[in-house]
Number of protein chains: 2
Amino acid sequence: MVSIEDSESPKRRAILNAATELFTARGYGAVSMDAIAREADVSKATLYAHFESKDRLFATIVQSACQEHITPTGELADDAALDVEASLRAIGGRILRFFLRDRTMAIYRLVMAESARFPELGNAFYQGGPANGRRMLAAWLTRQPGLVVPDVAIAAEQFFGLLRTDLYLRASVGLTPVPDEAAIDAVVDAAVQTFLRAYRL
Amino acid sequence: MVSIEDSESPKRRAILNAATELFTARGYGAVSMDAIAREADVSKATLYAHFESKDRLFATIVQSACQEHITPTGELADDAALDVEASLRAIGGRILRFFLRDRTMAIYRLVMAESARFPELGNAFYQGGPANGRRMLAAWLTRQPGLVVPDVAIAAEQFFGLLRTDLYLRASVGLTPVPDEAAIDAVVDAAVQTFLRAYRL
DNA sequence: GTCTATAGAAGGATAGAC
DNA sequence: GTCTATCCTTCTATAGAC
């Protein structure tokens, strides 16, 4: 399947890459159009030939970043070789590691910081990320015979919530930006244990 | 106990109030020193007589906002008239409503957005808010005879996590900025139920 | 489309009088 | 401490040549 995006100009691609890099690293206000042009190795006039304003460039970038940034729950196959606990551990580990990735954090940061001035970003983020992830996990939960879940949507939210604990909170404000693997696994284990005590048959 | 703060000038107070208002509403980059001076009804020179730079004014404001903004778990008395479930419901309701308040959201937004450029903010936020709240709730949990909690610190984090679900996430990115009371109570109820299924004796 | 050069506005910070 | 007036830099955006 050939996308029409293939025909886009290399300069435009360079601009998008540079702007994505800079915006996610420093935020909207701290990045100038000059800096983007320099980073993309392009003149400022070219930049404005492709994007009518800094606002629209920013919105374009964040929206497409949201779409590309689906929570990794799409491939939740039912692995017959794993029991519910092992499966949840694997899923939880993937999700928490995704939450903690620089890029993921940066997008949430941007949307949270700028959603007041760019209201469309909130929806793009929610639909591309959390809503989708919740739907996928809820669907998976319904297929698990060992669980008793009165409301799978709520249970799915709660599983995400159990993963988003102190470690995540600390990382989100710049403390322990690179949590070690053992700490991550400990959070996942605790989440799975609590979740199963609440919902296991 | 008379604070030395009582002797601070009214202009300084006006500046702090105006700057707090503007920064929390619009973020660091979108607020100019001109705007702060105007809002405080003060000249820009006066502003710079009290604060050496925009950076320091911002850091001062956010840090003190973090300190004043303790998670409302300080008054976790052991109410003999309430059982564990009713108590948890009351506590959870207070906490989630606190999380959802404009001011609380705004501070988290600011710290998250600017902690890269102002590293001291991350710690001020974490110590003033989450760390304190977790400690208080953990202490309360140890005093509940009806619960079996292997690690109260982890359980406390998890309770907060169970409250910070979709409703909170949506509010944080500008969707449903004013959740209705019924929705809040539903989240609290679900959190308490799950928590108790996992940790009740 | 792409560049160089620049307009025009706004921002952070300060000088100097009182 | 407080003001008015201003400096200098940086920013968004555009004009005009190719």
Side-chain angles (χ1 to χ4, degrees), chain A residues 3-63 110 113-114 116-121, chain B residues 3-63 110 113-114 116-121:
Chain A
S3 162
I4 53 172
E5 300 289 305
D6 291 347
S7 62
E8 87 183 351
S9 79
K11 298 262 180 188
R12 185 188 176 88
R13 188 71 262 156
I15 291 168
L16 285 170
N17 288 342
T20 302
E21 191 72 27
L22 290 171
F23 280 137
T24 53
R26 304 184 203 167
Y28 177 82
V31 172
S32 70
M33 293 297 258
D34 283 273
I36 295 170
R38 209 178 314 127
E39 178 82 12
D41 206 38
V42 148
S43 80
K44 233 184 337 175
T46 301
L47 209 170
Y48 278 97
H50 287 276
F51 300 93
E52 72 178 46
S53 69
K54 184 185 175 184
D55 278 20
R56 289 201 65 83
L57 175 57
F58 179 75
T60 301
I61 278 175
V62 178
Q63 274 185 320
L110 284 182
E114 306 298 340
R117 274 190 297 172
F118 301 90
E120 70 272 30
L121 298 187
Chain B
S3 163
I4 52 170
E5 300 288 306
D6 290 346
S7 64
E8 87 182 352
S9 78
K11 298 263 180 189
R12 185 189 175 87
R13 188 72 262 158
I15 291 168
L16 285 170
N17 288 343
T20 302
E21 190 72 27
L22 290 170
F23 279 138
T24 53
R26 306 184 202 165
Y28 178 82
V31 173
S32 69
M33 293 298 256
D34 284 273
I36 295 171
R38 210 178 313 127
E39 178 82 9
D41 206 37
V42 148
S43 79
K44 230 182 345 171
T46 300
L47 210 169
Y48 278 97
H50 287 276
F51 300 93
E52 73 178 45
S53 69
K54 183 184 176 185
D55 279 19
R56 289 200 64 83
L57 175 57
F58 179 76
T60 301
I61 280 175
V62 177
Q63 272 184 321
L110 285 182
E114 306 298 340
R117 273 190 298 174
F118 301 90
E120 69 272 29
L121 297 187

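Here is the naming used below: chain letters follow the sequence lines, and residue numbers restart at 1 for every chain. Predicted, not measured: the structure shown is a model, and the values here were computed from it.
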A.B. asks: Output the single nucleotide from C/dC3, C/dA13, D/dT12 whose closest atom is nearest the side chain of A/Val42.
C.D. replies: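 Of the candidates, C/dC3 comes closest.
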A.B. asks: Whole-Å distance between C/dG11 P and B/Asp55 CG?
C.D. replies: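 Computing the B/Asp55:CG to C/dG11:P distance gives 16 Å.
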A.B. asks: To the nearest angstrom, how far is B/Arg38 atom CZ from C/dA10 atom P?
C.D. replies: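 Atom-to-atom, B/Arg38 to C/dA10, this comes out as 10 Å.
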A.B. asks: Grab the NZ-P distance between A/Lys44 and C/dT4 for me, whole Å please.
C.D. replies: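 Answer to the nearest Å: 12 Å.
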A.B. asks: Atom CD in B/Glu21, atom CD1 in B/Ile61: separation rounded to 0.5 Å?
C.D. replies: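 Between atom CD of B/Glu21 and atom CD1 of B/Ile61 there are 10.5 Å.
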A.B. asks: For atom CG of B/Asp41, decide whether the heavy atoms of other residues, nucleotides or ligands shown that lie under 6.0 angstrom number more than 12.
C.D. replies: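 Not more than 12 within 6.0 Å, no.
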A.B. asks: Got more than 12 heavy atoms from elsewhere within 6.0 Å of CZ, B/Arg26?
C.D. replies: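 Not more than 12 within 6.0 Å, no.
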A.B. asks: With a 4.0 Å cutoff (strictly under), does any side-chain N or O of A/Tyr48 reach OP1 or OP2 of D/dT14?
C.D. replies: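 No, because none of the side-chain N or O atoms of A/Tyr48 sits under 4.0 Å from OP1 or OP2 of D/dT14.
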A.B. asks: Provide, to the nearest angstrom, the distance between the CZ atom belonging to B/Phe51 and the P atom belonging to D/dG1.
C.D. replies: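 In whole Å, D/dG1 P and B/Phe51 CZ are 11 Å from each other.
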A.B. asks: Can you label the angle between the B/Phe58 ring and the B/Phe118 ring as parallel, tilted or perpendicular, going by 30° and 60°?
C.D. replies: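 Taking B/Phe118 first and then B/Phe58, their aromatic rings sit tilted (interplane angle of 30° to 60°).
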A.B. asks: Report, as yes or no, whether the 6.0 Å neighbourhood of atom CG on B/Asp55 holds more than 12 heavy atoms from other residues, nucleotides or ligands.
C.D. replies: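 Yes, CG of B/Asp55 has more than 12 neighbouring heavy atoms, counting only those of other groups under 6.0 Å.
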A.B. asks: For DNA chain C, what residues of residues 16-35 of chain A have any heavy atom nearer than 4.0 Å?
C.D. replies: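 Of all residues in residues 16-35 of chain A, none places a heavy atom under 4.0 Å from DNA chain C.
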A.B. asks: What's the closest nucleotide to the B/Ala45 side chain, out of D/dA13, C/dG12, D/dT4?
C.D. replies: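 Among D/dA13, C/dG12, D/dT4, the one nearest the side chain of B/Ala45 is D/dT4.
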A.B. asks: Indicate, with a heavy-atom threshold strictly under 4.0 Å, whether A/Lys11 touches base, sugar-phosphate, or nothing.
C.D. replies: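 Counting heavy atoms under 4.0 Å across all strands, the contact made by A/Lys11 is with sugar-phosphate only.
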A.B. asks: Could you tell me how far apart B/Arg56 (CZ) and C/dA13 (P) are, to the nearest whole angstrom?
C.D. replies: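 B/Arg56 atom CZ is separated from C/dA13 atom P by 12 Å.
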A.B. asks: Has A/Arg117 got more than 12 heavy atoms of other residues, nucleotides or ligands less than 6.0 Å from its CZ?
C.D. replies: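 It does: A/Arg117 CZ has more than 12 such atoms within range.
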A.B. asks: Strictly below 4.0 Å: does B/Ser43 bring a side-chain N or O up to OP1 or OP2 of D/dC3?
C.D. replies: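 True: B/Ser43 side-chain N/O within range (under 4.0 Å) of D/dC3 OP1/OP2.
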A.B. asks: Assuming nearest nucleotide by heavy-atom distance, tell me which of A/Ser53 and B/Pro10 is located more 5' along DNA chain D.
C.D. replies: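 This one resolves to B/Pro10.
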